[in-house]
Amino acid sequence: MVMANKWVLNTTDTPLFFLLSQLLIAVVLFLAAHAAGLLQLPLQLDPQVCKGLIPMVGLNVIGLSFSNYTLKYVDASFYQVARGMVLPFTVATSFFILHARPSLRILLACAVVTTGFFVGVFLDGTKVSLVGVTFGVLSSMITAVHSVVIKKSLDVVHGSALHLSWYTNLLSAIVLAPTLILAGELPGVLKLLFGPNENAEGQMSTLSTFIMGSLITGAFGFLMSLASLMSIKVTSPITHMVSSAVRGVAASLLGVWLFHDVVTQGRASSIAIILLGSIWYTWVKHVESQAPSSSKGQYEPVPLDKLEEGNAEKGFTHRHSHSTRDARD
């Protein structure tokens, strides 16, 4: 996905139109799967559901847009570094919104990931796009909030991740269509569709590259939407994170091979630190989820009937002590 996106974004100035094409292709594939009986989708949109998914759709559009802008302005091998703050931002967001207090080991893992980000951005010495890094950080923040909002959005669609994916792709496409016009991409879209070919002779034309890349990434986006329904169910969290780490390394190597990106020692160290911190975080979360919960030191609410009995006993004891004192007097 990253390589195909970078391939197209190198030849076009319309990242939002590219994103819209990907979403529309995913919607068409959803409809085709529904028509073939592979999936059951709510084709009649529920206004209440649409209203409840406004935060989810808004974050999805902004996050994907910033992600595409990040990839446009930075090398493919640097993309993982530019968006390396996703994990720390996710932990922070969970703390402030869901009040999920992280353990010390979780904070240390986030510190390792943050160190890897700063090594790649500030200590590498290689010139990087400040615009790309800024979009990467903003994309990481939006992704973190988005991951928290997903949990609440599932309640809107009665816990169906499939319906949530369908609504998100469709509504995001509807929202993005006027957004790209407001962002000033319409002249670039007209130039892409009707303008002259800007690629060298013998190479695939700009429009052909755009169409081919949109088809490939749109299809992969659809498959990833379906795969996300089963990825955690059929694999352990550690296996899931290790596979993500391997994909990140593969993306960096492919960036070197396909786009001749320069991976310095500092950039390689940054990627390695971020991946190790992410894997450590997932291992810690897995261990903490397997550990039996201990009630020691934790507050347990007292049942109301017990509380009333305690008050009655306390009152009896208090009255008894007074009567005994009066008898002595």
Side-chain angles (χ1 to χ4, degrees), residues 1-32 45 50 53-54 56-76 78-79 82-83 129-139 142-143 146 165-225 251 255 258-259:
M1 280 286 287
V2 174
M3 294 302 106
N5 283 337
K6 184 63 176 176
W7 176 49
V8 175
L9 291 172
N10 281 343
T11 62
T12 181
D13 295 324
T14 58
L16 295 183
F17 181 60
F18 179 45
L19 176 59
L20 176 62
S21 302
Q22 294 172 314
L23 292 173
L24 289 176
I25 291 172
V27 169
V28 170
L29 291 175
F30 265 112
L31 292 174
L45 300 183
C50 295
L53 293 179
I54 288 177
M56 172 80 173
V57 173
L59 290 172
N60 187 61
V61 171
I62 297 173
L64 291 177
S65 300
F66 284 176
S67 180
N68 268 11
Y69 277 117
T70 302
L71 193 55
K72 179 173 178 59
Y73 288 107
V74 303
D75 296 339
F78 188 74
Y79 176 73
R83 297 190 73 247
S129 169
L130 180 60
V131 175
V133 173
T134 302
F135 274 120
V137 173
L138 293 175
S139 174
I142 297 298
T143 301
H146 184 260
S165 181
W166 157 249
Y167 269 104
T168 302
N169 280 277
L170 177 61
L171 296 179
S172 296
I174 294 174
V175 171
L176 192 59
T179 302
L180 68 88
I181 298 177
L182 296 175
E185 283 197 5
L186 186 57
V189 172
L190 296 176
K191 180 181 178 182
L192 173 67
L193 297 177
F194 307 107
N197 176 32
E198 297 181 351
N199 286 351
E201 187 177 353
Q203 295 182 353
M204 185 179 295
S205 67
T206 306
L207 181 57
S208 298
T209 301
F210 183 89
I211 294 175
M212 182 65 69
S214 298
L215 290 173
I216 294 173
T217 54
F220 270 105
F222 167 73
L223 294 175
M224 288 175 64
S225 297
L258 296 176
F259 305 113

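The analysis underlying the following values was restricted to heavy atoms, covering all of them including side chains, and did not include hydrogens, waters or symmetry mates.
In this pair, Y69 and F135 present their aromatic rings parallel. The plane angle is below 30°, not in the 30 to 60° band.
For residues 16-32, no pair satisfies salt bridge (Lys or Arg N to Asp or Glu O under 4.0 Å), with sequence neighbours left out. Applying the salt bridge (Lys or Arg N to Asp or Glu O under 4.0 Å) test to pairs two or more places apart or on separate chains, none has a residue in residues 166-178.
Contact annotation: the side chain of L20 never approaches that of E185 to less than 4.5 Å [non-hydrogen atoms, C-beta and beyond]. Residues W166 and L31 have side chains in contact (heavy-atom distance under 4.5 Å, counting atoms from C-beta outward). No side-chain heavy atom of K72 sits under 4.5 Å from any side-chain heavy atom of F18. Side-chain contact check for T179 versus L182: every heavy-atom pair is 4.5 Å or farther apart. The shortest side-chain heavy-atom distance between T206 and L192 falls under the 4.5 Å cut-off. Side-chain contact between F210 and T11 is absent, with no heavy-atom pair separated by less than 4.5 Å. In this structure the side chain of S165 never reaches within 4.5 angstrom of the side chain of F222, judged on heavy atoms. Counting heavy atoms from C-beta on, the side chains of V57 and V175 come closer than 4.5 Å.
Note that CG of L19 and CG of L24 are 9.5 Å apart. Values are rounded to the nearest 0.5 Å. F17 CZ to L176 CG: the interatomic distance, rounded to the nearest 0.5 Å, is 10.5 Å. For the atom pair L9 CG and T209 OG1, the distance stands at 12.0 Å (nearest 0.5 Å). To the nearest 0.5 Å, atom OG1 of residue T217 and atom CD1 of residue I25 are 6.5 Å apart. Atoms NZ and CG, on K191 and L207 in that order, are 13.5 Å from each other to the nearest 0.5 Å.
For T12, the side-chain hydrogen bond (donor to acceptor under 3.5 Å, both in side chains) partners are T14, not counting sequence neighbours. Under the rule for a side-chain hydrogen bond (donor to acceptor under 3.5 Å, both in side chains), Y167 has no partner lying at least two apart in sequence or in another chain. When the side-chain hydrogen bond (donor to acceptor under 3.5 Å, both in side chains) test is applied to S139, the partners found at least two apart in sequence or on another chain are R83.
Judged by distance alone, with hydrogens and angles left aside, the side-chain atoms of K6 form no donor-acceptor pair with the main-chain N or O of D75 at under 3.5 Å.
Taking each heavy atom of V8 and G213 in turn, the nearest pair found is CG2-CA, 3.4 Å. Residue A183 comes nearest to L16 through the heavy atom pair CB-CD1, 3.7 Å, listed as atom of the first residue, atom of the second, then distance. Here the closest non-hydrogen pair linking N169 and A26 is OD1-CB, 3.7 Å.
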For residues 58-66, please give each side-chain donor-acceptor pair under 3.5 Å, one per line with the distance, not counting sequence neighbours.
residue : atom : partner : partner atom : Å
N60     : ND2  : S172    : OG           : 2.8
S65     : OG   : V61     : O            : 2.6

